[in-house]
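Worksheet: one structure, shown below.
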Amino acid sequence: MKKLIYALCFFSFLSASAAQAQLLTIEIAGTGANRIPVAVADFGGDPALARTLVNVVRSDLEISGQFKLIPNDATMTESSAVDFREFKERGADAVVAGSLVASTQNNLEARYRLYDINKRAVLSGAAYVATAGQLRLAGHRIADDVYEKLTGERGVFSTRIAYVTKSNGRFQLQIADADGQNAQAALVSKEPIISPVWSPDGSRIAYVSFENKKPILYLHTLASGQRTTLANFKGSNSAPAWSPDGHRLAIVLTKDGHSQVYGINADGSGLQRLSNSSGIDTEPRYSPDGAHIYFTSDRGGSPQIYRMSANGGDVQRITFEGSYNVTPRPSPDGKSLAFISRRDGNFQLAVMDLANRQVTVLTDSHKDESPSFAPNGRMILIATEIGGRGVLSSVSIDGKIKQRLSIASGDVREPAWGPFAK
Amino acid sequence: MNKLLLIAPLLALVLSGCPSTPIKEAPVEDRKSDVTTVKVGDATVTGLPLELTDSKSVLSKRIIYFDLDKYDIKDEYKELVAAHAKFLVANRPFKMLIQGHTDERGSREYNLSLGQKRAEAVKRNLILLGAKEEQVEAVSFGKEKPAAEGHNEAAWAQNRRAHMLYKSPAGSGEF
């Protein structure tokens, strides 16, 4: 096990020096109404390293919009006595305390405990083994645990996001932590890159690259940079979507003259046509149970969202309101559907409750695109435009919490939120 | 693990009255955080006959513009398409790639499908006029490569277009 840790650290060191990704900055544009008051104490141990760790925990909780940080600059380790009364007086419902201690030769141990102030009880605690370079990840793990214990939902701070930047005529497919930090370029190209999607195990990304004068689908293994061509049929190859088991993808081909949905194995074999219309069928997405495929079609005269069985057939129209509803993205629990709806000429993020088909528009922007659910279903990451620049925005499913991610110069677009770490 | 055994009794002392949750040790290594960067280049254009590239030749004109929400060839471009069809008929080993484009409004993938309709319209016309299926490929760039960067109708009109690219029998050319 230790050997594996060392090997991975070595590789991340190597690739960090090769990466030249642009820094993504995050800005909070709205918070939840009932934020949980939490105090995160300064951790014990090496002050500089402990500060890095604690800052990640604090920033994660703060950015999520679901916590109110109670200022706390006293050092408290996981074994310090907790003055429950004092924390209660200061308004904290929970307190995180811990320390960073040397473990084995190159490793540190990030220990923490989470206390429930009202119940005067320990809610959780763990010790994560990390190198100095993995401190941020250890911080995300702690924040994930705090989030889960206090909200009842899994945290997504240690997940990753993919997106495409366009800057100085160069396109980069970048992979970053969910908070936009640690960005690394997986692909650099002079031609556009669109529609990245994570494999369910988080090791690969499928995307469309125009590097050979036409849209071709590639599978890209992130760790090795190894790329294989998933589909390069005559015409355009686009709109990949993984089946939940990771064996197959739904894709869009024009080899029969117009965009239709096909199924293909991840190794490029087993091609099968799934949709059958005389118009455009595109933007397929599997339902999380793998039984259905949502897609956009203009078969009714305007682009609307439809659903078919995963093997094709049994087509049902899902959206009826308005003349332009596209880019369907089912939520991880399969109960709702995010999509882009054109209203008064503006393209806005909308969510449909699939049980009663009720639609809620979540943004007031004018150029929303490419929604992507966080794996816990709580936030939706979209591309939008502010001041003529492409930025990412993450919006809570009730529309109340909003964050914005942008780069210093250039556009950010095509976000894809990665899966939970296994 | 030894450390845990050591701190457990300490914690029990400190947290008297609190149900103590044991601290579980877990390595933070189980996420592959390394990403290898791949760079892809672009091809250079060489080796096409003057007939296709000389600005005095009609065949050097390769762009067809489309109206808003329209996917058929306007009358003013029929002659140009006919000239290219004539070249493809006379030069069977030559191949053409038609790239369709849209303006910036709407979904990237849906626009890719709309750009495809424009490229297919050009391809169908060429084939009706004698070009062979295996000579012509229709693809789309959707809204990914605008010719004009503006956000108004003047720019959008410049962007609703199809480009015709040639490749010589030797395999050199524009794609």
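Labels below follow one simple rule: chain letters A, B, ... track the order of the sequence lines, proteins then strands, and each chain is numbered from 1. These numbers come from a predicted model, not from an experiment.
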Legend entry - Any side-chain heavy-atom pair of B:V38 and A:V188 under 4.5 Å: no

Inset, instruction - Would you check if the side chain of B:S113 reaches a backbone N or O of A:I280 as a donor-acceptor pair within less than 3.5 Å? - result: no

Legend entry - Largest heavy-atom contact set with chain A, pairs under 4.5 Å, which of B:K145, B:R124, B:K123: B:K145

Legend entry - Shortest non-hydrogen separation from B:R108 to A:I194 and the atoms involved: CD-CG2, 4.1 Å

Legend entry - Residue B:I98 versus chain A: region with a heavy atom under 4.5 Å: neither

Inset, instruction - Give a yes or no on whether the backbone of B:V136 and the side-chain of A:K234 come within a donor-acceptor separation of less than 3.5 Å. - result: yes

Inset, instruction - Would you kindly say whether A:E283 and B:S107 are connected by a side-chain donor-acceptor distance under 3.5 Å? - result: yes

Inset, instruction - Flag the one option from A:D298, A:D281, A:I340, A:N212 with the top tally of heavy-atom pairs under 4.5 Å to chain B. - result: A:D298

Legend entry - Rounded distance [0.5 Å steps], OH in B:Y110 versus CD in A:E369: 15.0 Å

Inset, instruction - Kindly indicate whether the side chain of A:K367, heavy atoms from C-beta on, has any atom under 4.5 Å from the side chain of B:H151. - result: yes

Legend entry - Top of A:S370, A:S209, A:G257 for chain B proximity - count of heavy-atom pairs under 4.5 angstrom: A:G257

Inset, instruction - Mark yes when over 12 heavy atoms from residues, nucleotides or ligands other than B:K78 sit less than 6.0 Å from its NZ; otherwise mark no. - result: yes

Inset, instruction - Taking atom types as modelled, find out whether A:S259 and B:Q116 have a side-chain donor-acceptor pair closer than 3.5 angstrom. - result: no

Legend entry - Portion of A:F233 that has a non-hydrogen atom of chain B nearer than 4.5 angstrom: backbone

Inset, instruction - Under the side chain to side chain contact (heavy atoms under 4.5 Å, CB included) rule, what do A:T254 and B:K117 come out as? Steps first, then yes or no, please. - result: CA-CA 10 Å; A:T254 66; B:K117 281 175 78 171; over 6 Å; no

Legend entry - Heavy-atom pair count under 4.5 Å with chain B, highest-scoring of A:A110, A:G345, A:S224, A:G388: A:S224

Legend entry - Contact leader toward chain B among A:L173, A:T282, A:V252, where contacts are heavy-atom pairs under 4.5 Å: A:T282

Inset, instruction - Specify the closest pair of heavy atoms between A:K213 and B:V139, including all atoms of both residues, with the distance to one decimal. - result: O-CG2, 4.0 Å

Legend entry - Sidechain N-carboxylate O distance under 4.0 Å for B:R105, A:E385: no

Inset, instruction - Could you grab the distance from atom OG1 of B:T37 to atom CD of A:Q172, nearest 0.5 Å is fine? - result: 8.0 Å

Legend entry - Contact class of A:S238 relative to chain B, heavy atoms under 4.5 angstrom: both

Inset, instruction - Measure the spacing between CD of A:E191 and CZ of B:F141 and express it to the nearest 0.5 Å. - result: 5.5 Å

Legend entry - Criterion salt bridge (charged side-chain N to carboxylate O under 4.0 Å, His left out) on A:K166 and B:E149, from CA distance to verdict: CA-CA 13 Å; A:K166 183 192 178 193; B:E149 288 282 356; 3.6 Å; yes

Inset, instruction - Count the heavy atoms of every other residue, nucleotide or ligand shown that sit under 6.0 Å from NZ of B:K86, and state whether that count exceeds 12. - result: no

Legend entry - Heavy-atom proximity to chain B below 4.5 Å, by part of A:L187: both

Inset, instruction - Can you tell me which residue pairs pass the side-chain hydrogen bond (donor to acceptor under 3.5 Å, both in side chains) test with a partner in residues 47-66 of chain B, sequence neighbours excluded? - result: B:R62-B:E174

Legend entry - Rounded distance (nearest 0.5 Å) linking atom CD of B:E137 with atom NZ of A:K214: 3.5 Å

Inset, instruction - Would you mind checking which part of A:Q226 comes under 4.5 Å of any heavy atom in chain B, side chain (CB onward), backbone (N, CA, C, O), both or neither? - result: neither

Legend entry - Close side-chain approach of B:T36 to A:H220, heavy-atom, < 4.5 Å: no

Legend entry - side chain to side chain contact (heavy atoms under 4.5 Å, CB included) partner of B:E109, chosen from A:T327, A:V208, A:T296: A:V208

Inset, instruction - Kindly compute the distance separating OG (A:S236) from CD (B:Q99), expressed to the nearest 0.5 Å. - result: 9.5 Å

Inset, instruction - Decide if atom CD of B:E76 counts as having more than 12 heavy atoms of other residues, nucleotides or ligands within a radius under 6.0 Å. - result: yes

